[in-house]
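Because the structure is predicted, anything quoted here is derived from the model rather than measured. Heads up: numbering here begins at 1 and tracks the sequence. In listed order, ligands and their atoms are each counted from 1.
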Amino acid sequence: MSVALSINLNKIALIRNSRPGNNPNLLEYANQIVDLGCQGITVHPRPDQRHIRAADINPLKELCHLHPMVEFNIEGNPLEGALNDYPGFIPLVEAAHPDQCTLVPDASDQPTSDHGFDLHKTGSLLEPIIRNLKNQGIRVSLFMDPDLEQIRLAKEVDADRIELYTGPYAQAFSEGNHQEILSQHIAAAELANEIGLGVNAGHDLNLQNLAEYRSVPHLAEVSIGHAFTLDSLQIGLPSTMQAYLQKLA
Ligand code: PXP
């Protein structure tokens with residue numbers, strides 16, 4: 001089974017936002033990557049709208065609706081409230097009705113996500129949020145470290161999937177000592193599958209570390225932004241997409 005590739009658009013939005021105007025045009029870029037064969041689009045809106053803006057959401061959702069094989073995934077911290085014209089994470093998700101919502105525990109001012117949920121602390125807070133999103137037909141995934149006890153708790157709070165945080169795996173890979181952490185991800189994915197949770201993964205995945213990460217069983221989707229954007233600067237967008245799709249086939 002091939003693994004779905006969801007492209008995170010944050011970095012493209014970041015470049016756009018660095019100047020007035022609309023260059024690069026996020027929607028045109030999204031159209032291109034859909035035409036090149038990705039199976040998902042991911043956005044991670046933040047209250048300060050430093051990359052994805054609330055106004056980006058509807059056109060991207062409509063694009064995904066035109067391509068039923070392409071899923072729209074919105075990720076973020078469910079506790080983030082409204083700020084200026086940012087409506088708050090949950091109101092934004094409810095209005096957009098994506099295929100998947102990935103809940104992430106990061107603080108609003110964090111440069112990027114860097115840990116999974118501690119569900120001992122936040123499980124009871126998340127449970128009604130998960131129920132509410134699922135009642136609206138939105139699949140809910142929780143950003144998690146490969147910790148078996150925490151993954152059991154993800155099932156208890158009734159998540160549909162987990163997204164395994166791969167940052168530490170990628171770091172270990174770059175240092176050539178990733179076998180132990182890869183085994184932890186394999187065990188985490190096996191447990192998740194056994195108890196009825198789907199498995200996604202993401203953060204710092206790239207063309208080098210993906211080949212071995214592909215040995216993690218039951219992977220449904222990876223979401224990739226940073227490395228994909230950098231690779232497309234080097235070898236162009238079509239070749240980059242082809243290379244990632246090949247790794248995931
Ligand atoms: N998953 C989550 C929850 C993230 O926050 C990010 C970064 O926005 C990614 C995946 C993608 O990470 P990267 O940009 O390193 O590929």
Side-chain angles (χ1 to χ4, degrees), residues 3-15 17 26 29-30 33 38-53 56-57 60 71-80 89 93 98-118 122 126 139-146 150 154 159-174 185 188 198-211 213-214 216 219-234 240-241 243-245 247-248:
V3 177
L5 173 63
S6 187
I7 299 295
N8 184 316
L9 297 180
N10 286 3
K11 286 285 143 68
I12 303 301
L14 195 69
I15 298 172
N17 294 2
L26 195 72
Y29 180 89
I33 59 170
C38 72
Q39 295 94 356
I41 285 180
T42 290
V43 293
H44 190 150
R46 309 260 181 174
D48 61 9
Q49 306 195 69
R50 61 183 182 261
H51 35 63
I52 293 297
R53 297 172 178 146
D56 292 323
I57 301 291
L60 292 172
E71 286 203 347
F72 191 31
N73 175 43
I74 304 183
E75 61 186 29
N77 185 330
L79 305 181
E80 280 171 341
F89 184 73
V93 170
D99 301 284
Q100 178 172 273
C101 176
T102 302
L103 303 180
V104 178
D106 54 358
S108 307
D109 58 354
Q110 247 177 257
T112 186
S113 318
D114 65 0
H115 61 281
F117 277 107
D118 179 350
T122 54
L126 287 181
R139 185 200 303 136
V140 179
S141 181
L142 297 184
F143 197 53
M144 302 295 294
D145 298 307
Q150 289 288 333
D160 297 299
R161 289 192 189 179
I162 53 167
E163 178 181 327
L164 289 169
Y165 170 44
T166 48
Y169 159 76
Q171 178 64 31
F173 185 92
S174 69
H185 279 250
V199 182
N200 297 340
H203 221 287
D204 299 308
L205 291 174
N206 60 35
L207 284 174
Q208 289 70 46
N209 62 34
L210 200 51
Y213 199 78
R214 188 69 182 79
V216 172
L219 263 187
E221 175 192 288
V222 291
S223 79
I224 304 183
H226 188 82
F228 184 91
T229 310
L230 296 183
D231 288 332
S232 63
L233 288 176
Q234 300 266 3
T240 300
M241 185 66 80
Y244 277 88
L245 291 176
K247 292 268 187 246
L248 295 166

Pair N8-I224, side chain to side chain contact (heavy atoms under 4.5 Å, CB included): steps then yes or no = CA-CA 6 Å; N8 184 316; I224 304 183; over 6 Å; no
Criterion ring-ring contact (aromatic ring centres under 6.0 Å, His included) on Y213 and Y169, from CA distance to verdict = CA-CA 9 Å; Y213 199 78; Y169 159 76; 5.0 Å; yes
Going through the checks in order, is the side chain to side chain contact (heavy atoms under 4.5 Å, CB included) test met by N77 and V104?
-> CA-CA 5 Å; N77 185 330; V104 178; 5.6 Å; no
Hey, mind stepping through V43 and I57 against side chain to side chain contact (heavy atoms under 4.5 Å, CB included) and telling me if it holds?
-> CA-CA 8 Å; V43 293; I57 301 291; 3.8 Å; yes
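Below 4.0 Å from some heavy atom of S113 lie the following atoms of ligand 1, by number and element: 3 (C), 4 (C), 5 (O). Within ligand 1, counting atoms from 1 as listed, the ones closer than 4.0 Å to a heavy atom of N10 are 8 (O). In summary, the atoms of ligand 1 found under 4.0 Å from a heavy atom of V104, numbered by their order in the structure, are 3 (C). Shown in contact with I224 at under 4.0 Å from a heavy atom are these atoms of ligand 1, numbered in order with element: 16 (O). Under a 4.0 Å criterion applied to the non-hydrogen atoms of E163, ligand 1 contributes the atoms 1 (N), 2 (C), 3 (C), 10 (C). The H44 neighbourhood of ligand 1 comprises atoms 5 (O), 8 (O), with distances under 4.0 Å to a heavy atom of that residue. For ligand 1, the atoms sitting less than 4.0 Å from at least one non-hydrogen atom of D204 are 12 (O), 13 (P), 15 (O), 16 (O), numbered in the order shown with element in parentheses.
The shortest contact between atom 8 (O) of ligand 1 and any protein heavy atom is with N8 ND2, 3.2 Å. Considering only non-hydrogen protein atoms, atom 4 (C) of ligand 1 sits nearest to E75 OE2, 3.0 Å. Here the protein heavy atom with the shortest distance to atom 14 (O) of ligand 1 is H226 N, 2.9 Å. From the protein, the heavy atom lying nearest to atom 12 (O) of ligand 1 is H203 CA, 3.4 Å. Among protein heavy atoms, atom 16 (O) of ligand 1 sits closest to G225 N, 2.8 Å. Nearest non-hydrogen protein atom to atom 10 (C) of ligand 1 is S223 OG, 3.2 Å.
Taking the six-membered ring for Trp and thresholds of 30 and 60 degrees, H203 and Y165 have ring planes more than 60 degrees apart, a perpendicular arrangement. Between F228 and Y244, the angle of the ring planes lies from 30° to 60°, which puts this pair in the tilted group.
Under a 3.5 Å cut-off, the side chain of N17 and the backbone N or O of L14 do not form any donor-acceptor pair. Side chain of D99 to backbone of F72: a donor-acceptor contact under 3.5 angstrom is found.
When the options D109, D106, D56 are evaluated for a salt bridge (charged side-chain N to carboxylate O under 4.0 Å, His left out) with R46, the one that passes is D106.
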